[in-house]
Amino acid sequence: MIEVEHISKRFGSFAALDQVSLKVAQGKLVALLGPSGSGKTTLLRILAGLEQPDEGRVRLGGVDATGLGTRDRKVGFVFQHYALFRHMTVAENIAFGLKVRKGADRPPVAAINQKVHSLLELVQLEGLAGRYPSQLSGGQRQRVALARALAVEPRLLLLDEPFGALDAQVRKDLRRWLRHLHDEMGLTGVFVTHDQEEALEVADEVVVMNKGRIEQIGTPAEIYDSPATPFVYRFLGSVNALPCRVAGGQAQVGGLHIGEGRADGPGTAFIRPHDVEVLELSPDLPQARVSQVVVLGPVVRAELELAGGITVEAELSREAKDRLGLRRGLEVSVFLRKARVFVGENV
Amino acid sequence: MSVLALKLSLPRRMPSVIPGFGPTLGFTLAYLSLIVLLPLAALVIKAAGTTLEQWGAILSDSRVLSALGLSFGGALAAALINTVFGLLVAWVLVRYPFPGRRLVDAVIDLPFALPTAVAGIALTALYAPNGWLGRLLEPLGVKVAFTPLGVVVAMVFIGLPFVVRTVEPVLHDVDLELEEAAASLGAGRVQTFLRVILPAILPSLLTGFSLALARAVGEYGSVIFIAGNLPGVSEIAPLLIVTKLEQYDYVGATAIATVMLGISFTLLLAVNLLQKWRRARMGG
């Protein structure tokens, strides 16, 4: 159980974290998701004790750990660029955390070797114990870094952009593997990422951060299906953000009624492209003209021009495209399955 | 068609910025021969004319032996001192921003630029029994000027920049993340330094050591002022060579020079072999 209470951290005049509070339950894998500069890495480093907060408390397992240094926190930290010790073999790297223990805490050599062996098996690098980091691929290095962090049996595993420096395919394999590993070991974990797909696929819970504040905390489905703020809407997945007017509780875009607003005034309506249904021309529904059709593998992205010159992006299946005979210039009808309106300027 | 196939099957030469291997190697060898090897060869040829009895007489001369001992012993001691403190200086310059850092950085290079005689005179004035520091050390029974200790002090002075300047860039590249990783794994400061940082900078430290050593062995100007040059006590080998030349004892001078050449070469070779062994152990 990790509890972060009202953490603030400034670097000069830049507020990296502003009154951030967060709870992570035992055994959960949590993603800190946000653009660069959102404070997610700073929060992770504060959890690790690599950075001290200006204000607020950090509790690990119910115990106040705020002033504690990294050494005494028993957390495993995996760095984006691995930070492996270049002059040590894979086995020596993994054994490091056990070898530096003093006196009675240090396990006997045979136990260390046994531990290294089982960790190498866990990260599927059995044959590479004697290699040096320079002789490994990026994915292998990251797995060594993970094994090294796990060797000290941390109560909390922290990962800073763990797959950021890897190419797409390796990245995909490795994050699935991390998810399995987490399920097997039941460790509490927090990882930082700016990749929404990674966060949604791997994490039990996603914390969306922006400008040093938490925008939303929720399961991947909650975050994606019901974003709490315009920022989360824009940051996760693609979205149509249409300027609208709310009058009498009804939001209008270019004369088209699209949903409900809580208060009157100017606002922005957010509609996911897959919630824009494209239908055959019908007199009961608003009309649009197809201005662009792009085929992206299994899905088709179409740009539709509504009355009043407003452009909406729609996502539909290949079958739907073929059935409608979708092409540029075609007149179609549009049905908005789901829209969310935020009232206010500049949202 | 067949011509095209033939062309494709030929191994392509990688285009390179510098013209071909042949001319560059040829030039390198010719240049090295002219500048380095030829003078050294002349020295060895000259020494080869010396008879065995003459060698025996020169090498059993206690004055020669103690001069060689002081030159190499003093240089080794000075290089070791510089390795320790040069690392410390480089560490402070790389890790901590402090007011006046640029100035300190510039001061490091002064021993490079200063005429060695000036350094020698300054050091002598400072450490002489009536000098600023000498006066303070005298009551403690420590004599620096005109003793072997003075020789080491001069050698430390001229060798420092070699260690600082070779270690500095490498230390700069040692990622702070490595220290953080070590700390997160439970290592203390001393353990982090000895097990993580030191191995990473060891090659550059060794290079700095050998450069400082080579410089100290060959140093003449600054040492002869502070050494006092008492035969058998504080006389360095290069000075003995000059003395012998002034007495028209060319055979003696070349013999000592050849021995110095041999020892220096062996020392530098040993350092290189050490580097090679370390590289082999680290797997590149």
Side-chain angles (χ1 to χ4, degrees), chain A residues 41 44-45 47-51 68-90 92-102 105-106 128 130-136 141 144-154 156-161, chain B residues 83 87 90-91 94-99 101 166-210 271-284:
Chain A
T41 297
L44 193 78
R45 289 174 64 85
L47 287 177
L50 294 170
E51 215 81 69
L68 234 50
T70 312
R71 257 191 90 189
D72 309 309
R73 288 210 181 177
K74 295 202 76 157
V75 297
F77 200 98
V78 177
F79 292 86
Q80 183 180 2
H81 298 288
Y82 329 123
L84 293 177
F85 306 130
R86 269 181 290 179
H87 60 282
M88 296 182 199
T89 61
V90 166
E92 284 166 344
N93 262 289
I94 297 173
F96 183 85
L98 299 172
K99 281 186 183 163
V100 294
R101 287 190 188 164
K102 290 195 179 104
D105 287 344
R106 177 167 32 197
L128 304 179
R131 295 269 190 100
Y132 285 90
S134 58
Q135 299 164 319
L136 303 178
R141 284 180 207 182
V144 174
L146 195 60
R148 184 179 68 176
L150 291 174
V152 294
E153 289 174 8
L156 170 63
L157 186 64
L158 304 169
L159 307 106
D160 185 11
E161 300 261 359
Chain B
T83 304
L87 171 59
W91 181 274
V94 169
R95 284 299 165 92
Y96 309 112
F98 56 91
R101 196 176 62 91
T166 40
V167 174
E168 228 181 337
V170 181
L171 202 54
H172 210 94
D173 287 344
V174 174
D175 212 327
L176 215 61
E177 280 190 355
L178 289 180
E179 284 168 53
E180 292 178 344
S184 76
L185 293 166
R189 284 161 194 252
V190 177
Q191 284 171 319
T192 304
F193 180 76
L194 292 180
R195 285 167 177 261
V196 175
I197 299 170
L198 196 60
I201 58 171
L202 198 61
S204 66
L205 211 53
L206 268 175
T207 304
F209 169 80
S210 59
V271 174
N272 272 339
L273 287 176
L274 199 64
Q275 294 269 40
K276 197 183 163 199
W277 169 78
R278 188 200 54 76
R279 260 201 305 275
R281 223 175 60 98
M282 266 186 55

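First the proteins, then the strands, lettered A, B, ... as listed; each starts at 1.
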Using atom types as modelled and distance alone, determine if a side-chain donor or acceptor of [X] lies under 3.5 Å from a backbone N or O of [Y].
{"X": "R106(A)", "Y": "K99(A)", "result": "yes"}
{"X": "E179(B)", "Y": "T192(B)", "result": "no"}
{"X": "E92(A)", "Y": "T89(A)", "result": "yes"}
{"X": "R73(A)", "Y": "L47(A)", "result": "yes"}
{"X": "H87(A)", "Y": "L198(B)", "result": "no"}

Item to complete: Pick one of side chain, backbone, both or neither for Q191(B), based on which atoms fall under 4.5 Å of a heavy atom in chain A.
Response: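 Answer is side chain: those atoms of Q191(B) sit under 4.5 Å from chain A.
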Tell me, out of [options], who's got the most heavy-atom pairs with chain B below 4.5 Å.
{"options": "F77(A), F96(A), F79(A)", "answer": "F79(A)"}
{"options": "H81(A), K102(A), R101(A), K74(A)", "answer": "K102(A)"}
{"options": "A151(A), G97(A), A149(A)", "answer": "G97(A)"}

Practice prompt. For R95(B), look at atom CZ and say whether over 12 heavy atoms of other residues, nucleotides or ligands are found less than 6.0 Å away.
Written response: yes
Which answer fits [X], side chain, backbone, both or neither, if we ask what part of it has an atom under 4.5 Å from a heavy atom of chain B?
{"X": "L84(A)", "result": "backbone"}
{"X": "V152(A)", "result": "side chain"}
{"X": "R45(A)", "result": "side chain"}

